[in-house]
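Structure first, then comments.
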Amino acid sequence: MPRLDPHSYNESTQPETETLDWRARVDFRTRRLHAEVTLTLKEASAGPLDLDTRELDIRAVVDAQGKPLPFQLAPAEPILGSRLRIELPAGLRQLTVRYRTSPEASALQWLTPSQTAGGQHPFLFSQCQAIHARSVIPLQDTPRIRVRYKAALTLPKALKAVMAAGFVRREEPGVEAVEHYEMPQPIPPYLLAFAVGSLTSKELGPRSRVWAEPELLEDAAAEFEDVDAMLRVAESLFGPYDWERFDLLTMPPSFPYGGMENPRLTFLTPTLLAGDKSLVNVVAHELAHSWTGNLVTNASAEHFWLNEGFTVFAERRILEALEGKEVTALHAALGRRSLETAIEHFRAHPQHTVLRTHLTGIDPDEVFSQVPYEKGYLLLCALEEAVGRQAFDAYLKRYIDTFRFRALTTEDWVAFTERELPGALVQVNAEAYLHQPGLPPAAPSLRSSRLEGLQRLKGTVPSAEAVRDWTPAEWQLFLEWLPTDTPRETIRALDERFHFTKSTNSEVLVSWLVAALRARYAPALERAESFLGEVGRMKYLKPLYSTLHSTSEYRGKAREIFQKYAERYHPIARQGIEGILSRA
Ligand code: BES
Ligand code: ZN
């Protein structure tokens, strides 16, 4: 039977879920959700219904009258989890699964009070992309099937629950509180998201507020205060914002990503709080997903570039409108550098550097890289260059309009683009981006005078005068461009002049630490060790652990640091680093 998504047990001939009604009790003591979910199908149908699950303890499956339905939970497969097959009697449209989650649920991180900013209350959050929703709710975990949902979370009264959905009400019946949410727009399951903790909020604009632990709230509000202007710019570029609100949630430091575009409530790493708004391009990125990703959605992880490549392109259009072409060119150059690094990283597995991937038997987390982001971005830049900005902007709007609230494949995209921009795909050699590994020879690059200035200083120890007006992006680029064999004396001289080891900009700091560790510069080891205990963002953990692991003197240290801090990291991050440390 046809399975269209290699990461789901869903069979395309089976009925699709239309809505979910989810009720869960958050138990911090046992680290479990005690839950039940009612699935309403688009149409009544008899026969088997296969749901995705991972490490769920299924207690019962019942129909709308509470009558048990026969089900089978298959043994777990390593990537997909366990298929839950339910036999539907004729005429059934609604069923309820009673279950509890595992303390090791891959989508959830349970934090002790000491892992939070306030230190007083525990914290729980979800991260479902790409295929972790199934560890929280038994469902058809493929972005091809969108659902609306209602949710009721029961939690300790001292805490607040937030969801990537519309708030309905909070009740406080006894010692616990119940928070009701409702998601009226249909979403792919990977966008289901919630967090529970000591959370407060501050208004940022008519459609936005920021949530954070009280200790971080003022800093977060200051860093993100321009979000409303960003929202208006994005609407002028991509059309009306369809999700009513754009709220932000400042996560605990172990959040494994920079940002996650959970609809109505973007999740953001606290490492963005640099104090100078220099990292708000991540907010622009997550906002841009409101159109590319959340409205127009990749049909499976094999088409992930449609989410991320388009979103990087949209992010940089927002950035250009707000901060100009020079700043955007610096970000594009940083992206280009990270693409080169990713291609180098996959030199033994070039098939992971094509945009249209083939992932049967492959865990999407394992092959996550900057390739879909930056190679996708370059393909869209090449197309824009070929047809001109005006025509490309119109094309983008039609793309969003045509596929809104739908999922598409790369093949659907090619057909659409051939129709809308005849000849353009051939002209830019889209084939090389979509199906061939590595960097396409004719890939475009942005020109800028700041970039040229920077290029002239590559590998030198510049004078204080030369760097007087550098932004963090320029510092980072300068560091990223340091030759891998930069002598320790040069590293020391740079640190003495510019104090990188003390940088409070996480991007600059990590680029610096990687370069300095390679040169075996001792102060960097100490700083890397403390930093690895402070943050859990994979973008930082991976290069730091990789560099330590591939530097023979530091290999043992890498293991030691990981053993010390592994418990603090998110399950997805922990798995990623275990992979790095087990490399030869
Ligand atoms: N959707 C991604 C994060 C993600 C990707 C989570 C795949 C799980 C699986 C998010 O939009 C993202 O790309 N975040 C980037 C931000 C950046 C590109 C500005 C990050 O986390 O660094
Ligand atoms: Zn993204």
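For clarity, every value in this text was computed on a predicted model and none was experimentally measured. For reference, positions follow the sequence shown, starting with 1. Atoms considered below: every heavy atom in the structure, side chains included; atoms not considered: hydrogens, waters and symmetry mates. When a ligand or atom number is given, it counts from 1 through the structure's own listing order.
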- Query: Of the backbone and side-chain N, O or S atoms of Glu308, does one lie nearer to the Zn ion (ligand 2) than 2.8 Å?
  - Reply: yes
- Closest contact, heavy atoms only, Leu482 versus Ala515: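 In terms of heavy atoms, the two residues are closest at CD1-CB, 3.9 Å.
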- Which pair of heavy atoms, one from Leu216 and one from Ala117, lies closest together, and at what distance? CG-CB, 4.1 Å
Residue [X] vicinity, atoms of ligand 1 by number, heavy atom under 4.0 Å:
{"X": "His289", "value": "11 (O)"}
{"X": "Gln127", "value": "6 (C), 8 (C)"}
{"X": "Tyr373", "value": "2 (C), 5 (C), 12 (C), 13 (O), 18 (C)"}
{"X": "Met260", "value": "1 (N), 6 (C)"}
{"X": "Glu261", "value": "1 (N), 2 (C), 10 (C), 11 (O)"}
{"X": "Phe368", "value": "5 (C), 7 (C)"}

Do [X] and [Y] sit within salt-bridge range, that is, some charged N less than 4.0 Å from a carboxylate O?
{"X": "Lys277", "Y": "Asp226", "result": "yes"}
{"X": "Glu411", "Y": "Arg356", "result": "yes"}
{"X": "Arg317", "Y": "Glu384", "result": "yes"}
{"X": "Glu567", "Y": "Arg574", "result": "no"}

- Query: With no hydrogens and no angle check, do the side chains of Asn505 and Ser503 hold a donor and an acceptor under 3.5 Å apart?
  - Reply: no
- Distance-only side-chain donor-acceptor flag, His285 / Thr311, under 3.5 Å: no
Would you check whether [X] has a nitrogen or oxygen atom less than 3.5 angstrom from a nitrogen or oxygen atom of ligand 1?
{"X": "Glu308", "answer": "yes"}
{"X": "Gly258", "answer": "yes"}
{"X": "Asn281", "answer": "no"}
{"X": "Gln129", "answer": "yes"}
{"X": "Phe304", "answer": "no"}

- Query: Touching ligand 1 at all, Arg537? Heavy atoms, strictly under 4.0 Å?
  - Reply: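 Judged by the 4.0 Å heavy-atom criterion, Arg537 does count as contacting ligand 1.
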- Rounded to the nearest 0.5 Å, what separation is found between the CG atom of Leu124 and the CD atom of Gln109?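 Between Leu124 CG and Gln109 CD, I get 9.5 Å after rounding to 0.5 Å.
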- Query: Does NZ or CZ of Arg406 fall inside the cone over Phe403's six-membered ring, less than 6.0 Å from its centre and within 45° of the axis?
  - Reply: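 No; the conditions do not both hold, so Arg406 does not lie above the ring face of Phe403.
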How far is [atom] from its nearest protein heavy atom, and which residue and atom is that?
{"atom": "atom 11 (O) of ligand 1", "value": "Glu286 OE1, 2.7 Å"}
{"atom": "atom 9 (C) of ligand 1", "value": "Tyr257 OH, 3.6 Å"}
{"atom": "atom 10 (C) of ligand 1", "value": "Gly259 O, 3.2 Å"}

- Query: For the ring-ring contact (aromatic ring centres under 6.0 Å, His included) test, which of Tyr377, Phe313, Trp413 pairs with Trp305?
  - Reply: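 Only one option passes, and that is Trp413.
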- Task: Give a rough value, rounded to 10 degrees, for the angle at the Zn ion (ligand 2) between atoms NE2 of His289 and NE2 of His285.
- Result: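 The two atoms subtend 100° at the Zn ion (ligand 2).
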